[in-house]
Novice: 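Quick one: the structure is below, and I'll ask about it shortly.
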Amino acid sequence: MEQFLPVYDPKEIEQKWYEIWEGSGLFSGRPDRSAVRFCITIPPPNVTGTLHMGHALNLTIHDIVARYRRMMGDDVLIVPGTDHAGIATQVVVEKELAKEGKTRHDLGRDRFVERVWQWKNQYGGIITNQMRRLGCSFDWTRERFTMDPGYARAVLETFFRLWQDGLIYRGYRIVNWCPRCLTALSDLEVERSEEGEPGFLWFIRYPLQEPVNGRQFVTVATTRPETMLGDVAVAVHPRDLRYRDIVGRIAVLPLVGRLIPIVADDAVNPDFGTGAVKVTPAHDPADFEIADRHRLPKPLVMDERGVMINVPQRFVGRDRFAARDEVVKALEEAGLLEKTEEYRVPLGRCYRCQTVVEPLMSLQWFVKMQPLAADALQALRENKIRYLPDRFLRLTLDWLENVKDWCISRQIWWGHRIPVWYCIDCNQGKWEKKRYGGEERYHFFEDAKPFASLTTPKNCPDCGGSHLIQEADVLDTWFSSAIWPHAVLGWPDDSDDLKTYYPTDLMITDRGILHLWVARMIMTGVRFAGDIPFRVVLVHPTVLTREGKRMSKSLGTGIDPMDLVGHYGADGVRFGLIVQAEGSQDLRFHEERLEMARNFGKKLWNAARFVYSVLQSGPAASWKETVDRVATVAERWIRSRCRRTINFVHQCFANHDLAEGGKALYNFLWDEFCDWFVEISKPALSDDRLAPYYRSTLKMITDVSLRLLHPFMPFITEELWHRLGYPSDQEPYLLVASYPLLDLFQTDEEAEETMAFLTQLVRTVRAFKADLGMPTAIIPLVLAGDERQRKAVEENLWWLRFVGRWREVQWMPPGARLPHAFSESVNGAEVFFPLTDLGDVSKIRERLIKRLTELEKERDRTHSRLDNPQFLEKAPPQVVQTLKERLTELETAEQSLRARLTALEELTS
RNA sequence: GGGCGGUUAGCUCAGAGGGAGAGCGCCUGCCUUACAAGCAGGAGGGCGCAGGUUCAAGUCCUGCACCGCCCACCA
């Protein structure tokens with residue numbers, strides 16, 4: 001056994017153990033072993049990132065579960081990895097370039113992508129090292145990155161199969177466009193605030209070409225007047241009587257002079273604004289559909305940067321917001337602005353850079369979602385995947401039932417380039433060279449014919465020509481993460497890992513990415529890997545600030561978990577976080593909880609130090625000898641309590657209720673083991689007849705406790721386990737030691753009952769002394785009670801005197817009273833304090849009176865319930881019975897309380 | 001606009017039909033030979049509001065209020 005360090009220093013032990021563990025290879029999955037498999041693929045964080053509190057909680061849950069299963073003997077595989085996070089990473093590197101006064105276009109595509117790789121190689125390890133610092137026992141030999149060659153192959157394969165199944169198409173649609181990132185975004189990548197953002201609703205008069213029944217113009221309302229330059233119609237509801245006579249007539253588009261029809265369309269809400277709406281197909285999704293229905297053109301009036309194009313000279317080249325002001329001004333000048341109202345505008349913002357997203361018509365790639373959603377829906381309806389809490393299943397079903405096609409193309413450079421090529425020769429007249437974002441490139445029209453290929457083709461499959469141009473766009477990052485579980489296990493190859501570990505057991509995630517990611521994994525898993533990707537989706541709380549706000553770096557409300565690890569140790573952060581993650585409630589993070597966890601660590605350390613010194617001080621009996629003999633009540637009690645704790649913790653793991661499990665261990669170790677058993681063991685250890693057995697019990701309970709706690713606090717438990725000399729050839733590390741099972745100890749009702757009586761006795765005496773201001777005094781006692789109680793006290797007097805600071809105890813028969821003494825009753829037994837001078841008894845009197853009032857209240861309540869004939873008639877007899885017993889108890893307690901009060905008065909008068 | 005959560009001690013949260021709980025914080029006393037990041041004792045609650053069901057309601061039902069999340073093209 002090593003020498004024991006005097007103080008607990010997390011820093012010293014955490015790094016050491018992680019290196020030893022990782023070096024031991026015990027984190028690795030072992031398909032060759034015959035064991036129950038347990039596999040999780042972690043949600044890969046962005047390579048660009050550093051860990052935030054949400055990750056810390058997520059990873060802690062992963063690792064607690066992983067360590068538990070490993071100790072239960074399973075073949076555990078937790079696959080870690082990172083996501084290339086297309087836009088996010090590109091934005092970071094672009095910012096770096098900006099500092100050098102460059103843009104990505106200065107470098108060009110290839111050099112820029114190279115630069116991102118450099119950046120990834122330099123900083124990509126930060127976040128995985130942070131996982132290590134947290135203690136995550138993941139299989140780093142299987143670490144994956146979503147742009148690794150193998151993974152890229154899986155991504156392309158997925159695209160290719162979708163292509164072959166006819167689920168990929170290209171076309172003009174209104175997409176969410178970020179004019180800063182210069183790319184399309186999926187609906188899920190756009191953030192919208194609940195109540196919109198402050199803005200205006202402008203009412204614009206569109207003159208009619210010819211007056212109708214005296215009407216000169218039609219007024220439309222809009223929040224985006226600049227888009228009117230691209231209007232192709234005015235629409236009204238077909239049954240709107242106000243406008244019935246102008247439907248089919250022609251209006252003159254102000255500022256432009258274009259003649260546009262007035263059409264009737266169901267999509268118009270007659271109750272909004274004036275009931276007449278301008279139709280701008282290229283810049284509004286609803287208008288796009290109206291235009292389709294009425295065969296109207298779709299002119300673009302804004303380019304990819306949000307700059308006005310194809311508009312009258314006055315507005316050309318203006319930014320969209322400047323153009324807005326200018327259009328309003330021009331309308332005012334023309335006397336066509338009827339009025340302006342303040343209005344909250346529902347705006348979307350880019351989830352990466354917070355720029356206001358522009359609905360913009362552009363040529364994009366889409367996945368037809370319905371067939372994929374159908375696959376997922378079927379699996380979910382067959383209850384193949386359990387959601388915890390299960391309400392999230394409903395949410396997912398709703399989303400899948402209403403899913404819309406997925407825009408998967410992104411106009412950025414960092415990502416998986418879409419494996420589609422165009423033949424220049426076959427597509428004559430269907431392309432042009434175009435400057436795009438400062439870069440010259442081929443632009444293929446909607447009717448150009450591309451082909452998909454898994455490898456870079458040399459020749460056109462149709463004409464054999466070699467003038468091939470690859471699609472410039474890359475795939476949405478979520479396209480590649482959608483295949484994560486099977487792809488990291490080796491798909492599309494039929495690898496050993498895939499065969500062994502797929503479907504995985506758990507998906508542990510925040511609810512924020514339930515659709516963005518989890519639902520899509522189910523779709524691709526079912527379709528391409530032939531089965532659901534995971535059996536259980538565990539949705540954990542979202543970590544909020546203590547005020548209940550979102551944690552975010554930009555708001556300055558984020559907390560760096562690594563700072564916390566520095567302060568409280570990884571064990572402290574893990575434990576402090578997990579006990580806060582109760583239920584499915586969001587978690588308002590309180591650092592005080594980490595303090596609690598750190599204190600717990602120190603408590604554990606000191607308890608172990610005590611056990612260590614005890615084991616040094618003399619021989620321990622074997623465990624067999626210890627249990628085979630007639631043991632003391634305290635030993636039987638701690639074994640019984642320990643068994644209940646083991647049972648409870650297993651249940652908690654089964655229910656994925658880790659907070660409860662952690663708290664149960666905290667309570668067992670602190671309240672029962674440290675506060676009682678360790679104290680009781682002190683006098684036992686100075687008794688030669690008991691010492692060897694108590695050494696043995698302390699050793700055993702400590703061993704079991706460290707095992708139980710290891711998943712939650714891996715470092716300190718491993719360290720203590722070694723310092724106390726528990727490792728063996730079969731169990732070299734606590735990491736792979738067996739998790740305690742129920743058959744280790746037996747429950748012992750009798751011992752628990754006796755101990756409840758004895759500890760209550762001790763507490764009562766302590767409270768009495770505290771009230772008198774003499775807590776450390778050693779006082780004599782006289783007890784009155786039945787034979788069992790007398791026997792219990794006498795057999796345990798050796799420790800009762802120590803922990804309770806009693807002097808001597810005299811015994812009287814039950815019911816007997818010691819005259820001129822104050823008394824308290826405990827479980828029907830009576831404790832007398834034969835003190836000649838009680839001193840100041842005001843506190844005692846106060847307490848007695850308070851308790852009496854409470855008793856009276858409860859007695860009255862109980863009484864009136866028992867007086868109620870309906871209650872007696874309808875309530876289950878058992879309930880009535882226990883209530884009757886309760887009443888008797890209350891009455892006795894009240895009597896003795898009154899007697900005690902009287903005695904107190906007599907004593908002090 | 002629709003949907004889903006939440007409202008219990010000063011704070012963060014458990015409790016899901018029959019005697020209101022934990023941690024932290026607070027008060028009092030203790031440097032008791034593992035531990036003052038500790039030990040011992042204690043105070044503190046109309047369980048959001050209003051109805052209803054029931055012998056019995058934090059607990060079930062209805063409505064309302066406030067907080068938070070998700071979804072939706074209402075310009």
Side-chain angles (χ1 to χ4, degrees), chain A residues 4 6-8 174 187 192 194 201 220-224 227 235 267-269 271-274 276-280 284-290 343 345-346 359 389 391-392 394-395 398-399 402 511-512 514-515 542 544 546 548-550 579-590 592-593 595-614 659-660 663 666-667 674-675 678-679 682 762-763 766-771 773-776 802-803 805 843 847 850 858 861-862 865 868-876 878-880 882-883 886 889-890:
Chain A
F4 226 97
V7 287
Y8 165 46
I174 300 286
D187 290 342
R192 295 176 193 279
E194 183 72 9
L201 193 57
V220 300
T222 180
T223 57
R224 295 192 302 155
T227 62
V268 179
N269 174 4
D271 298 326
F272 186 90
T274 61
V277 58
K278 59 194 268 319
V279 178
T280 321
D284 184 281
D287 294 0
F288 184 90
E289 288 173 21
I290 293 176
Y343 188 73
V345 187
R391 64 187 138 95
F392 290 113
R394 275 262 330 272
L395 216 64
D398 288 349
W399 184 76
N402 300 302
R511 69 182 132 69
L514 241 32
H515 306 323
T542 303
L544 304 175
R546 69 168 55 219
K549 297 270 185 290
R550 226 192 174 78
V579 298
Q580 288 184 72
E582 297 164 300
S584 62
Q585 281 269 69
D586 278 346
L587 183 166
R588 294 188 180 208
F589 178 74
H590 275 64
E592 295 90 315
R593 288 284 189 121
E595 217 167 302
M596 174 275 285
R598 183 195 52 190
N599 294 351
F600 181 43
K602 181 166 186 186
K603 185 77 182 174
L604 198 66
W605 183 272
N606 286 316
R609 208 163 61 146
F610 171 78
V611 171
Y612 176 81
S613 71
V614 165
E660 277 298 317
K663 283 193 284 190
Y666 179 94
N667 290 330
C674 289
D675 287 351
V678 165
E679 290 308 309
K682 286 174 184 172
V762 169
R763 268 193 269 257
R766 278 177 186 162
F768 171 78
K769 291 197 288 184
D771 282 346
M774 46 185 286
T776 56
F802 177 82
V803 301
R805 297 187 154 259
K843 274 191 189 168
R847 201 153 50 84
K850 192 185 158 214
E858 201 191 330
R861 252 199 339 257
T862 314
R865 283 176 69 191
N868 183 349
Q870 282 177 307
F871 170 71
L872 296 175
E873 193 186 320
K874 294 190 181 173
Q878 211 183 335
V879 173
V880 178
T882 49
L883 205 64
R886 176 75 189 144
E889 246 172 71
L890 286 169

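Here is how names work: the chains are called A, B, and so on, in the same order as the sequence lines, proteins then strands, and each is numbered from 1.
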Novice: So what does A:Glu660 touch, heavy atoms closer than 4.0 Å: a base, only the sugar-phosphate, or nothing?
Specialist: sugar-phosphate
Novice: By nearest atom, which of the nucleotides B:rG18, B:rC35, B:rG42 is closest to the A:Arg609 side chain?
Specialist: B:rC35
Novice: Under 4.0 Å between any heavy atoms, over every strand shown, what does A:Glu679 touch: base, sugar-phosphate, or nothing? Just pick one.
Specialist: base
Novice: Could you check whether A:Asp675 gets within reach of a base, just the sugar-phosphate, or nothing at all, counting any heavy atom under 4.0 Å?
Specialist: sugar-phosphate
Novice: Under 4.0 Å between any heavy atoms, over every strand shown, what does A:Lys682 touch: base, sugar-phosphate, or nothing? Just pick one.
Specialist: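 Answer is base: heavy atoms of A:Lys682 come under 4.0 Å of a base.
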Novice: For A:Ala221, report the nucleic acid contact type (base, sugar-phosphate, nothing); a contact means any heavy atom under 4.0 Å.
Specialist: base
Novice: Give A:Arg224 one of three labels, base, sugar-phosphate or nothing, depending on what nucleic acid heavy atoms sit under 4.0 Å from its own.
Specialist: nothing
Novice: When all nucleic acid strands are considered with a 4.0 Å heavy-atom cut-off, which category describes A:Pro359: base, sugar-phosphate, or nothing?
Specialist: nothing
Novice: Do other residues, nucleotides or ligands put more than 12 heavy atoms under 6.0 Å from A:Arg394 CZ?
Specialist: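 For A:Arg394, atom CZ is not crowded (no more than 12 foreign heavy atoms under 6.0 Å).
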Novice: Classify A:Ala286 by what it touches in the nucleic acid, base, sugar-phosphate, or nothing, heavy-atom distance under 4.0 Å.
Specialist: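 Since a base atom lies under 4.0 Å of A:Ala286, the category is base.
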Novice: Hey, does the side chain of A:Gln580 reach the backbone of A:His590 with a donor-acceptor pair shorter than 3.5 angstrom?
Specialist: yes
Novice: Using a heavy-atom cut-off of under 4.0 Å over every strand shown, decide if A:Phe802 touches base, sugar-phosphate, or nothing.
Specialist: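 No contact.
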Novice: By nearest nucleotide on RNA chain B, pick out whichever of A:Lys874 and A:Arg394 is the more 5' one.
Specialist: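 Result of the comparison: A:Arg394.
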Novice: Categorize A:Asn868 for me: base, sugar-phosphate, or nothing, with a 4.0 angstrom heavy-atom threshold over every strand shown.
Specialist: sugar-phosphate
Novice: Tell me the partner of B:rA65, counting only Watson-Crick (N1-N3 plus N6-O4 or O6-N4) or G-U wobble (N1-O2 and O6-N3) with both under 3.5 Å; none if nothing fits.
Specialist: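 Pairing partner, where one exists within any strand: B:rU7.
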Novice: Taking any heavy-atom pair under 4.0 Å as a contact, classify A:Val678: base, sugar-phosphate, or nothing.
Specialist: base
Novice: Under the 3.5 Å rule, do the base of B:rU32 and the side chain of A:Arg805 count as making a donor-acceptor pair?
Specialist: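 No, no donor-acceptor pair under 3.5 Å.
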Novice: Answer with base, sugar-phosphate or nothing: what part of the nucleic acid does A:Val268 contact at a heavy-atom distance below 4.0 Å?
Specialist: base
Novice: Could you check whether the side chain of A:Lys602 and the base of B:rC35 have a donor-acceptor pair of N or O atoms closer than 3.5 Å, going by distance alone?
Specialist: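 Answer no: no donor N or O sits under 3.5 Å from an acceptor.
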Novice: Consider the side chain of A:Arg588, meaning its heavy atoms from C-beta on, and name the nucleotide among B:rC4, B:rG42, B:rU12 that approaches it most closely.
Specialist: B:rU12
Novice: Within 45° of the six-membered ring axis of A:Phe610 and under 6.0 Å from that ring's centre, is NZ or CZ of A:Lys682 located there?
Specialist: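 Verdict for A:Phe610: a cation-pi partner in A:Lys682.
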